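Presented below is the structure to which this report refers.
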Amino acid sequence: MNRLLRLFNSQRITTNLIIGLVILAIVILVSLLGPMFVDMELIEVGAVAPSKPPSAEYLLGTDSQGRDMLAVLISAIPQTLKMGLIAGIVGVSIGLLLGLLSGFFGGPLDTVIRVFADSLMTVPGIAILLVIASNIESMTVEVMGLTVAALAWMYPTRTIRSQVLSIRERPYMAVARANGESELEVLFREVMPNLVPYVAASLVASINGAILATVGLESLGLGAQNVHTLGTTIYWARRYSAVLRGQWWWWAPPIIVVSLIFIGLFLVSMGLDRFANPALTGQGSARTRRRKNKAQRNAAQLKAAANHQTGADNQSALLRVDNLQVVFETAAGSGPAVDNVSFSMQPGERMGLVGESGCGKTTMATAILSLVRPPGRIAGGSVQLGDIDLLALRDEELRKMRLKEIALVPQAAMNSLNPVMRISEQLADAIRVHETTLSQPEIETLIRDSLINVGLSPEVANRYPHQLSGGMKQRVSIAIATVLGPQLIIADEPTSALDVVVQQRVMLTLGRVQKELGAAMILIGHDMGLIAQFSDTIGVLYAGKMVERGDIDTVLNEPCHPYTRLLIDSLPKLESESEFIGIPGLPPALFNRPGGCSFHPRCPFAFERCMAETPEPQLVKGRQVACHLYPDLGQLPPIPISSVVVAGDGALPTGIVDKTTTDANTANGNTATGEAQS
Amino acid sequence: MTELLKVSNASKMFYDGPIWRRQTTVAVDNISFSIADDRPSITGVVGESGSGKTTLALLLLGYAQPSKGQVVYRGQDLADMSKQERFEFRRVVQPIFQDPFAAFNPFYLVDHVLQVPIKRFNLASTEAEAEELIVEALQLVGLRPAETLGRFPHQLSGGQRQRIMVARALLCRPQLIIADEPVSMVDASLRATILASLQTLNRDLGISIVYITHDLTTAHQVCDNIIVMYGGQVVEAGAVGRVIRDPQHPYTQLLVSSIPLMDRSQRWENQETTEPTEQNGRVSVGCKFAPRCPHAEDRCWTSPPPLYQTESTRAVACVLQDNSPVLEGHDVTSVFL
Amino acid sequence: MSITYVLQRIAQLILIVFIAITINFILPRMIPGDPIESALTTKIAISGNVSVDVQKVAEAYRQKFGLDKPLWQQYLNYLNDVLHFEFGVSLVKFPETVVSQIRSALPWTITLMMVSTITAFLVGSILGALFVWPSTPRLFHVLVSPFMLLSTIPFFLLGIILLSIFATELRIFPPGGGFSPTLIRGFNMETILDILHHSILPALSIILGSMGAWALGMRAMMITVLGEDYVTFAEAKGLHPRRVFLWYGMRNAMLPQVTQLALALGGVLGGTVLVEAIFSYPGIGTLLFAAIATKDYFVIQGIVLILIFALAGALFIIDMIYPLLDPRIRYTD
């Protein structure tokens, strides 16, 4: 049972859900407790003086038939709710049964149920309901509820069927079977619990629909007879022209109560949506606007000016990143995804950026493009391209720099291209916004040339993304990124979703195009081999800090930072039979970074100073390293195997779980299937 | 040699479209190999997406039935097993899946996947014994029970989760584990530890492993023998060192030369090619690699080449090797170490 | 567009319509009581003529409409009639045919409901999308949120509220009907203005009442779409935010909404019975309601059939045009 409760625990509970439940609870309480305070005999015709506006004696006034409106209202609420509950519970029960049968077992049964449900959905339910309600003598609230359920069971059936279909394909079903569970066990133990949020949401929707339909019918004078419901109260008000006579106290209260019920149900269903649709989580916090405030911009400008004077020796650099800091701020905590990173790049340089997932590689790329999304925020530092400080630019100026000067080659995650636009339109879009003077034929020539340049046939321009293979799509992305000849290309794992053969071809093309343009390039990747093949220099990120940066051959031949060393050793190599060993533990969670050197909990060489003091980058053997072992140490000693082999993931400091890292990933636009991506 | 699991001439077809215009996709095309009962081995199945390697995994696990040929478990065809036999087979041949995130039912603590097999397969007589088995299995894969049990899947890292999956398979006391891309969704730095635990199971507990992957480097690292697949066909098979270090099939050669090596002295030649356009419209009914093959001859397009045994521990399905003898029975197991 | 695809959809359409009209045949027959007899009783009660032998007349009617035949024969006759759009005659306004009654009511419903449904769809979708767009001013959220909440109130109840405010209290708009009783209808400015004047309150209640649902649907879709890589890539291309919003965000988030719109347009005829009744608007809804009140059996059945055709037709049309909106959906199977 407490497992069931877990579904409804903690951060997924929203104010919507709570307010909705409170509103519903108040309505129910009024109807339950009302009879203790109000004389319920006053609902009889002629019990009180007719047509009196609200007063101390009759809180809600009286109707023209001499009934006390408060008493009428209190007796009406439970009838309407009862009808809604009957219709909802019966409808959802039918839906659950048929949806499970249909979705889980499939086959001809599924077809029959589906076709029947689809057909019934084309039958106008409200009209049929009208016919039935008008023909049944002495309609009761119960019969009404059952009738509504009979005409509405298709909706929950559809919802539940599609959920079962999706759950049926999840790998944990196969795991359950491998664990020896029978089909029935799989159904009841693996499928059913995960349906709970959907069943709850369906129930709310069904109750909502049922009350909507019946209140409608009743306010036309059809439906349950001989009892007061909210709908019939509205009907009598209309019947005796309360609206036209201005007797608002007659028609307004039932409408207000109905509206309260609907608002309550609506808020509850919004709240339940969070359980059913994880994509909605975190939206509340993401609403903080992405905008640099003026003070911050000024500070950045000042800093840039200062840098400009001191960095005179670094004049030739194309890109200069100084003390860049990107902070993620959520309700769960805040932490620097990129932490005081400084580096520079020469024109034409290819720089590889490596590190485990959650180390800030992608965040760094988005920060250079100023595309950090909430809850992330650039908290300080400067990014200078040539003489322009990108972080000091206004949004409009920055927008004009993108693609024209700094281009992104996105992750080949299959959907970097708009699925509903032709390739030519997506290229033209990019060209037109920056080159406003070009004529249509000139643009077309440019599109044609850029496609040919990345090894595609110009005919590809007329296709839609889904008609292209993964490799071709990535070539299109490269064509877009390079069409205006940018000075800097940022390639964020451009081939991570491609097969090795395609990867090689795409990378070779990207390399050639980049060389021809003379552009500098940052290649983000988790594949050290690819970085080794492709880059001139390398930067190693760990927990948002640049721990080692230098020439690729220098770093690969003799890594100085223990992390770089472990990273290289953890990869299997074809060239040698040497054992490959894993790095113990995990990168620290974003909101829970250890003090001192962030790597110390996983470092085989850590000593006291590492826990207390954050190492500053220093020049060691021709590269920059941020590690306390230097300058005292001449050479990194062999890593003691015992310290890394079995310790595994268990070597985490207790209390740190990678949940927050996952959250940050999600916030970052990545999916929660984090590790493989960065 | 007695066989634990034997695949003979298995093919798997998928059909698409209406009956009158049915399109057939051959996912697995006439494959034969077997896993020995008496000698624990690690067999690699390597291929790119669309090579049929995952379908092959489903056939091996009995989750799908071959359209032609058969999969036989200890002399018993998987297609006509009794309920009891199937139950036993399910225990002995265990899967590990690619996605360590989706392999857990989010509704339960991670304990759930470890407790169920013990109950279902009656592996422990008391609660305490069950507890002990779980702790033992977790320790074997390098996890600390105190830091794993009692948590929900989302509270653990991908690497931890995948190792729990290894522990789960281990609990069932299997003789064969079919691991379908077990490390492709795990951070590169953590792959080593998971593969190491698979190797431990093989070496110390005598469990055979079929390691299905797209990654030649890890296959090279952990496997004894390897089968390279392309378009559902076996193109090359044999001892892993021979196949990867000196590939003979043009496809294997292409695959190996595409690996980005860390060694900077072996840079890719700057030989850029374009994406192959859909095989110039021509479909091969013979060797599936013909449309992309630089050495393709006419005969490659018309009938699939047989497997030629080019050396004692290797077979290659390519007409370039037709001076070698044709492999008897098409079963690549005969060239395995 | 491949022929196979079209044929397949047509077959599907026919199957669904067939099952739906069969249900329409069965359902009323499951209701206890004799529709003809009760219709006649009502009619007689209204006319005050007590000398008629209800049983006898009913028998004559049954013979005339074939209701004395075995059920399967009735069913075949019914199918035959449906095929010929032959819905019979009105029992109450005999000898007026059902088709002629529907024909005079349909244009009222279609114009009012189509216009207000499409307006609600457009306004709601744009508001919903703006809700999740990062550069939307905070003021927008403050101003629009109450409207979203207002939308949870069913539109026929909104209609009553609007009536009491604008017709009873302020007397800006007429309290009901489709046109002034004194109006001599013709194709002139006066007629058009009068009809517009009468349609504003019912239209407003539908727009206000259904806008919120569209906004919510769009909001949820937009959240998903804004997380997609192509939106980030579009921003990285330096596109104008408006272009990203409309052509990369909304264009994609719209797709599932369009299916919903088809369902809503098909359901327009049925779903707005209540609004028409509240405003005594001379459309299909009022006709149906009147037919139910007088138990005019054939009119009811005729209207229900029209509603079935409308919904099935809308679904068919969306199946046909959807591939134009989403190139990923192919016309082939």
Side-chain angles (χ1 to χ4, degrees), chain A residues 3 170-172 174-181 190 193-194 356-357 455-457 469 471-472 475 499-501 503-505 508-509 512 526-530 532-533 552-553 556 567-568 570-575 580-583 586 646 648-650 652 657-659 662 672-676, chain B residues 48-49 63 87 90-91 94-95 97 99 101-108 113 116-117 120-121 142-144 147 154-160 168 184-193 196 214 216-218 220-221 244 254-255 258-264 267-268 270 272-275 277:
Chain A
R3 284 183 186 146
R170 310 236 167 109
Y172 58 77
V175 171
R177 293 196 178 99
N179 269 345
E181 290 187 26
E190 311 290 335
N194 287 298
E356 290 164 282
S357 39
L456 289 171
S457 128
S469 71
M472 290 162 90
R475 282 170 190 268
D499 279 322
V500 275
V501 178
Q503 160 173 294
Q504 186 190 42
R505 284 199 303 258
L508 286 172
T509 300
R512 174 181 53 77
H526 65 279
D527 186 343
M528 271 290 214
L530 195 64
Q533 287 287 335
I552 185 93
D553 288 307
L556 288 188
L567 210 52
I568 292 170
S570 72
L571 300 172
K573 288 159 208 70
L574 272 191
E575 308 89 291
F580 59 120
I581 48 175
I583 309 179
L586 291 168
V646 187
D649 296 357
L652 278 177
V657 287
D658 72 328
K659 187 173 146 306
T662 318
T673 43
E675 286 189 3
Chain B
E48 293 177 289
S49 45
Y63 288 154
F87 189 64
R90 276 279 150 82
R91 181 185 68 75
Q94 281 292 327
F97 297 102
D99 187 346
F101 299 88
F104 287 87
N105 192 334
F107 184 72
Y108 294 107
V113 290
V116 169
R120 287 294 153 270
F121 297 126
L143 287 171
R144 291 182 193 162
E147 284 161 9
H154 69 268
Q155 295 173 306
L156 299 172
S157 79
Q160 284 172 311
R168 182 207 65 76
S184 71
M185 291 183 77
V186 176
D187 222 7
S189 60
L190 301 171
R191 286 179 190 164
T193 40
H214 68 279
L216 282 172
T217 44
T218 53
H220 178 247
Q221 201 69 222
I244 291 181
L254 175 66
L255 212 50
S258 301
I259 302 171
L261 294 175
M262 285 261 276
D263 184 351
R264 296 257 302 164
R267 296 284 288 276
W268 287 337
N270 220 339
E272 197 189 332
T273 48
T274 56
E275 291 302 297
T277 51

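Just so it is clear: chains get the letters A, B, ... in the order the sequence lines come, proteins before strands, and each one is counted from 1. No hydrogens, no waters, no symmetry mates; every other heavy atom, side chains included, goes into these values. None of the values given here were measured: they were computed from a predicted structure.
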Next item on the list: Among the options A:I552, A:D499, A:D527, pick out the one with the most heavy-atom pairs lying under 4.5 Å from chain B.
Entry: A:D499
Do you know which two heavy atoms are closest between [X] and [Y], and how far apart they sit?
X: A:Y172; Y: B:P106; result: CE2-CD, 3.6 Å
X: A:A178; Y: B:Q94; result: O-NE2, 3.0 Å
X: A:I568; Y: B:M262; result: CG2-CE, 3.2 Å
X: A:L571; Y: B:A188; result: CD2-CB, 3.8 Å
X: B:R264; Y: A:A532; result: NH1-O, 2.6 Å
X: A:P572; Y: B:Q221; result: CB-NE2, 3.4 Å

Note to self: Any heavy-atom pair between the side chains of A:E190 and B:Y108 that's under 4.5 Å?
What the structure shows: yes
Margin query: When you compare the side chain of A:N179 with that of B:R120, does any pair of heavy atoms fall below 4.5 Å?
Written below: no
Item checked: Interatomic distance, B:D187 atom CG to A:S570 atom OG [nearest 0.5 angstrom] -> 8.5 Å
Item checked: Point-to-point distance, once rounded to the nearest 0.5 Å, from CG of B:L261 to CE of A:M528 -> 14.5 Å
Notebook entry, point to check: Where does A:L567 contact chain B at under 4.5 Å (heavy atoms): side chain, backbone, both or neither?
Noted result: side chain
Next item on the list: Please look at A:A176 and chain B and tell me whether the side chain, the backbone, both or neither of the residue comes under 4.5 angstrom of a heavy atom of that chain.
Entry: neither
Item checked: Under 4.5 Å from any heavy atom of chain A - which part of B:L255 -> both
Notebook entry, point to check: salt bridge (Lys or Arg N to Asp or Glu O under 4.0 Å) with A:R170: which residues, sequence neighbours excluded?
Noted result: none
Check: B:F97: what forms a ring pair (Phe, Tyr, Trp, His ring centres under 6.0 Å) with it, not counting sequence neighbours?
Finding: none
Item checked: Flag, side chain of B:R91 to backbone of A:G180, donor-acceptor distance under 3.5 Å -> no
